[in-house]
S.K.: 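Have a look at the structure that comes next, please.
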Amino acid sequence: SQTIHQWPATLVQPVGSPLSLECTVEGTSNPNLYWYRQAAGRGLQLLFYSVGIGQISSEVPQNLSASRPQDRQFILSSKKLLLSDSGFYLCAWSGGQGALGQETQYFGPGTRLLVL
Amino acid sequence: GENVEQHPSTLSVQEGDSAVIKCTYSDSASNYFPWYKQELGKRPQLIIDIRSNVGEKKDQRIAVTLNKTAKHFSLHITETQPEDSAVYFCAASNNYGQNFVFGPGTRLSVLP
């Protein structure tokens, strides 16, 4: 069965510091991968999605970036964090590109980020 | 692109009563409609989904109905229990997971 991991689970960082969040998926190949951010009490904001290694699409302009160095690894980064970057960061995966009937997204446990 | 609206934003019901959450979508190419439940501090989890080739799907106390002509779908929870309290998100996408868009969410509170 498929499993999705995220780390760290929680993170407290000062404004202006760098960020690296990691997401890995097990038990599947060629997944679509997604990064979402959820502010407290709010909905799911899609930040990035990837359909393959090195293929990243950005949904919103921001000081964040994403990379996919391996098929089942997705990394969210920032060079300098802002206060507004605080939130709950969720990674998700779904079936590979063009995979009919595999469109369901499954979420990782999330990383709670507090920028002070 | 796809746009998904969800109503109400908050809903309070007495334990044992039914709860209904409605979503509308804009893209007629959307064919897949999942519902997620997010408990406080946890990840969203899929609870039920429906594809455009059926009009209704049930799983114990939860059911989803779809009206493709009107472009809306609804989540029905019967005999609500306190553990049903959570935020519920609907979503819409096409069959290949492209243009997967979430609604803004509904906070359901089941009062004892």
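Protein chains get the first letters and strands the later ones, always in sequence-line order, with residue 1 at the start of each. When reading the values below, keep in mind they use all heavy atoms of this one structure, side chains included, and skip hydrogens, waters and symmetry mates.
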S.K.: Please determine whether residues B/Ile47 and B/Val87 belong to a single hydrophobic cluster, defined as Ile, Leu, Val, Met, Phe, Trp and Tyr linked transitively by side-chain heavy-atom distances below 4.5 Å.
M.R.: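 No, separate clusters.
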S.K.: Is it the case that atom CZ in A/Arg42 sees more than 12 heavy atoms from other parts of the structure closer than 6.0 Å?
M.R.: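 Atom CZ in A/Arg42 is not crowded, with 12 or fewer foreign heavy atoms closer than 6.0 Å.
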S.K.: Is there a path of hydrophobic side-chain contacts, each under 4.5 Å between heavy atoms, that joins B/Val4 and B/Val20?
M.R.: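 Unlinked, B/Val4 and B/Val20 end up in two clusters.
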S.K.: Less than 4.5 Å apart, side chain to side chain, heavy atoms only: is that true for B/Pro34 and A/Thr104?
M.R.: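 They are not in contact (no side-chain heavy atoms under 4.5 Å apart), so the answer is no.
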S.K.: Do you reckon B/Ile21 sits in the same ILVMFWY cluster as B/Leu111, going by side-chain contacts under 4.5 Å, direct or chained?
M.R.: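 Shared cluster, no.
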S.K.: Go through it in stages, so that I can follow the logic: the residues are A/Phe88 and B/Lys42, the test is side-chain contact (heavy atoms from CB on, under 4.5 Å), and I'd like the CA-CA distance, side-chain angles, deciding distance and then a yes or no.
M.R.: CA-CA 10 Å; A/Phe88 191 38; B/Lys42 303 289 184 61; over 6 Å; no
S.K.: Under the side-chain contact (heavy atoms from CB on, under 4.5 Å) criterion, do B/Phe102 and A/Gln105 qualify, and how do the steps go?
M.R.: CA-CA 11 Å; B/Phe102 282 92; A/Gln105 289 191 19; 4.1 Å; yes
S.K.: Side chain from CB out, backbone as N, CA, C, O: work out which of these in A/Arg112 comes under 4.5 Å of a heavy atom of chain B, or both, or neither.
M.R.: side chain
S.K.: In this structure, are over 12 heavy atoms from other groups packed under 6.0 Å from A/Gln73 atom CD?
M.R.: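 Yes.
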S.K.: Can B/Leu46 be reached from A/Leu90 by stepping across I, L, V, M, F, W or Y side chains whose heavy atoms are under 4.5 Å apart?
M.R.: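 Yes, one cluster joins them.
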S.K.: Name the region of A/Tyr36, side chain, backbone, both or neither, that has any atom closer than 4.5 Å to a heavy atom of chain B.
M.R.: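 For A/Tyr36, side-chain heavy atoms alone lie under 4.5 Å from chain B.
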S.K.: Locate the shortest heavy-atom distance separating A/Gln38 from B/Phe89; write the atom from each residue and the value.
M.R.: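 Reported closest heavy-atom pair: NE2-CZ, 3.6 Å.
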S.K.: Take B/Phe100 and A/Tyr34, measure what ring pair (Phe, Tyr, Trp, His ring centres under 6.0 Å) needs, and give me the verdict at the end.
M.R.: CA-CA 11 Å; B/Phe100 195 112; A/Tyr34 309 83; 7.0 Å; no
S.K.: Answer with yes or no whether the hydrophobic clustering places A/Leu33 together with A/Ile75; edges join I, L, V, M, F, W, Y residues whose side-chain heavy atoms lie under 4.5 Å apart.
M.R.: no
S.K.: Quick check for you: to the nearest 0.5 Å, what is the distance between B/Gln38 atom CD and A/Phe107 atom CZ?
M.R.: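 These two atoms lie 8.0 Å from each other.
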S.K.: Could you go through A/Ile4 and B/Arg43, starting from their C-alpha distance and side-chain angles, then the distance that decides it, and tell me whether this counts as side-chain contact (heavy atoms from CB on, under 4.5 Å)?
M.R.: CA-CA 12 Å; A/Ile4 180 169; B/Arg43 75 184 89 180; 4.3 Å; yes
